[in-house]
Amino acid sequence: FISSIIVAISLIPESISYALIAGLPPSAALQSCWITNVITAAIGGRPGMITSASGLAALLLYRLVRTNTVVEETGIMFVPYVIMFSGVLQCVAAFLGLGRLVSSFPAPVVVGMVNAMALLILALQLRYAKEFPLSREEVLNGWNVDGTAPAVEISWNISLFSYFGKGFEWISPTLTLGIYAAEVFTAFVISMFLPKLTTFLPATLVSVLVVVAVEFGLARQFGVETPLIADYGGAEVLSPWETIFTSKYTLPSLFSWESWKIILGYGFALFATTFTETAIALNVVDRLDESQGPGFLVLIGQGVANIVSGVFGGMGGSGVVSMSVLADRTFGTTCLSTFMTGLMMFVFVTWGYPVINFIPLSAISGISIAMVCSFIQWRSMVATFTTCLPSRKRDQLPPQYNIARADVFIMLIVTAACLIIDVSTLLFFVLGLAIFLYTSISAWRERRNEKELMASVEAGEVQFAHSGQLDNESVQDQETQGGVTTRGGTVQGSEPRIQQDEEGQQKSFREIESPP
């Protein structure tokens, strides 16, 4: 229960930020948070995985929102249809067997995107220390936006700047900014180090209570007011049961090919985006729980959730790494805790917002930074520098820092792409296709190697004296290490050795990853 409260509170400013990035009203993101978590948990998705509005999807929707379409309606009116169409694609993908692909992403891609998401979330915390860009009227009437950009435009926008809130003014005066930073540091220290002292008290809840006490018991007594959730758009949703079929929304006609071109193009791109983010979150949660999640149910649950979210004016959602890690650290590792997170989110945005609005943003920011420090892959960063060393020096390093250069290169490419490239329609569709092809080819090679190995075993060329799982690369490695003798020999060692190439003993990311 406490885990659900903490995660729901943390989701509020983060989801509002994603709505701002997309150019949508905050209510669109808040709606998505409670709808997606309730539905995915009810259908039976991955226990412990939190679903919410997506930052990378927000960058994609921003392009749609600012589009001056060739039909009568503006781009923002296509958002519900695009969200629902991407949900339909997720359900279709589940029945096509892509659920297995979700839980078997290439390890370098997972590490690269996890590191990129960590850096983007850090940039997002700086956005909380800036002035909120919307007035109260703009928050309430956020669906009345006129697109000005061409329907098809390739531009270069830095994703990191969108998260950072480039162009927004910092809160003032300087003393307020300093007190805000001190409160963030306090929440960070408590969240990071209190669990090392005791697990009786939930560190995240203590962080929130301490910062609230500092804000209202000290800072505001001396006239210093740092931003609260109320100052960042607030947690209120006026009509959570209002659908897109009311007079508030002016939906485009579905009997026009021009409309369908926009829906199909952005829908496929949004599907690739949410599919990728969900796969990364699922892989991270799998490593935290040391089990494999049901990829089929995850896709079905999120597909249905996005369809319902689009009907109620939400901006859709996907798996979120940071909040899933936060749920794991607060012992919210079941489907019930995910369901309670959505339920608490609904309670907060409908009835509990007068209380939630008084929580300082600094407390949420400190907790988020602590979560980033816990799931970022620090070993991969060290391995990035060790790849520059000569082979002889690398062979003297511990195996966890002696990673194949090809894996490190893929990791850096994925991280850089997420940080510096505006995730446009074409880019994310191609990224999803490339990952699909990469994984499919790797799986085909593994099956081929297994068949060749089994054929060798049946022919009596290789005999095994143990029952551990062994792939072809490990067999080749053990041949060089004396663990396997061919032509009728036997296995001398009882443990399969790590991957090795011509440069010496090396590990891949898949073998060195450990739960944060």
Side-chain angles (χ1 to χ4, degrees), residues 3 6-7 10-11 14 36-37 40-41 45-57 98-122 124 191 204 273-295 297-299 301-302 317-335 337-338 341 367-381 383 400 403 407 410-411 414-415 417-419 431-432 435 439 508-516:
S3 172
I6 295 299
V7 174
S10 301
L11 278 173
E14 183 173 298
T36 54
N37 282 293
T40 53
R46 179 66 169 94
M49 190 174 78
I50 302 299
T51 305
S52 173
S54 162
L56 297 181
L98 295 185
R100 295 181 180 180
L101 176 60
V102 172
S103 57
S104 60
F105 257 39
V109 176
V110 174
V111 175
M113 289 204 68
V114 166
N115 289 341
M117 290 178 182
L119 296 176
L120 290 174
I121 292 172
L122 284 177
L124 189 66
S191 299
T204 50
T273 305
T274 54
F275 183 90
T276 303
E277 284 203 89
T278 298
I280 301 303
L282 181 60
N283 278 268
V284 171
V285 176
D286 285 350
R287 286 168 173 79
L288 290 173
D289 290 350
E290 299 181 351
S291 61
Q292 187 171 1
L297 291 178
V298 168
L299 286 181
Q302 291 200 358
S318 62
V320 182
V321 175
S322 59
M323 293 298 120
S324 298
V325 174
L326 177 59
D328 181 83
R329 289 185 58 129
T330 52
F331 308 103
T333 57
T334 63
C335 284
S337 63
T338 303
T341 298
I367 294 172
S368 299
I369 295 174
M371 294 306 104
V372 167
C373 292
S374 66
F375 74 77
I376 194 170
Q377 299 293 316
W378 298 104
R379 289 181 178 179
S380 66
M381 295 186 177
Q400 63 267 29
I403 302 173
D407 284 359
I410 294 174
M411 179 201 72
V414 172
T415 302
C418 293
L419 292 178
L431 176 61
I435 294 175
T439 309
S508 64
F509 280 118
R510 187 182 301 277
E511 292 168 310
I512 70 164
E513 284 179 351
S514 58

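This chain uses plain numbering: 1 for the first residue, then up along the sequence.
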Task: W378 to C373 - nearest heavy-atom pair and separation - done: NE1-O, 3.0 Å
Open item on the list: I want to check something: taking the side chain as every heavy atom from C-beta on, are I121 and I369 in contact at a cut-off of under 4.5 Å?
Closed with: no
Open item on the list: Please give me the minimum heavy-atom distance between L98 and F275, naming the atom from each residue.
Closed with: O-CZ, 3.9 Å
- [ ] For side-chain contact (heavy atoms from CB on, under 4.5 Å), just list the numbers for T36 and Q302, CA-CA rounded to whole Å, side-chain angles, deciding distance to a tenth of an Å, and then say yes or no.
- [x] CA-CA 7 Å; T36 54; Q302 291 200 358; over 6 Å; no
Open item on the list: Pairing donors with acceptors under 3.5 angstrom, does anything connect the side chains of N37 and S52?
Closed with: no
Open item on the list: Distance check, rounded to the nearest 0.5 Å: S191 atom OG versus M371 atom CE?
Closed with: 5.5 Å
- [ ] Could you grab the distance from atom CE of M323 to atom CG of D328, nearest 0.5 Å is fine?
- [x] 13.0 Å
- [ ] Check T278, T40, D286 against R46 for a side-chain hydrogen bond (donor to acceptor under 3.5 Å, both in side chains) and give me the one that passes.
- [x] D286
Task: Value rounded to 0.5 Å, distance of CD1 in I6 from CD1 in I367 - done: 5.5 Å
Task: L419 and L120, any side-chain heavy atoms less than 4.5 Å apart - done: yes
Task: Steps toward side-chain contact (heavy atoms from CB on, under 4.5 Å) verdict (L11, I50) - done: CA-CA 10 Å; L11 278 173; I50 302 299; 4.2 Å; yes
Task: Spacing of M117 atom CE and L122 atom CG [to the nearest 0.5 Å] - done: 14.0 Å
Task: Flag for S318-T274: side-chain donor and acceptor within less than 3.5 Å - done: no
Open item on the list: With a 4.5 Å cut-off on side-chain heavy atoms, are V372 and L119 touching?
Closed with: no
Open item on the list: Show the nearest heavy-atom pair for residues T333 and P47, with the distance to one decimal.
Closed with: O-CB, 3.5 Å
Open item on the list: Quick check for you: to the nearest 0.5 Å, what is the distance between L326 atom CG and E14 atom CD?
Closed with: 9.5 Å
Task: Heavy-atom pair with the smallest gap, counting every atom of C335 and A41 - done: O-CB, 3.4 Å
Task: Check: S380 and N115 side chains under 4.5 Å, non-hydrogen atoms - done: yes
Task: Whether N283 side chain and A279 backbone form a donor-acceptor pair below 3.5 Å - done: yes
Open item on the list: Contact between M113 and T415 at the side-chain level, heavy atoms closer than 4.5 Å - yes or no?
Closed with: no
- [ ] For the residue pair V321 and I280, establish whether any side-chain heavy-atom pair is separated by less than 4.5 Å.
- [x] yes
- [ ] Determine whether V110 and M411 make a side-chain contact, defined as any pair of heavy atoms from C-beta on separated by less than 4.5 Å.
- [x] no
Task: Heavy-atom pair of closest approach, residues S374 and V325 - done: OG-CG1, 3.4 Å
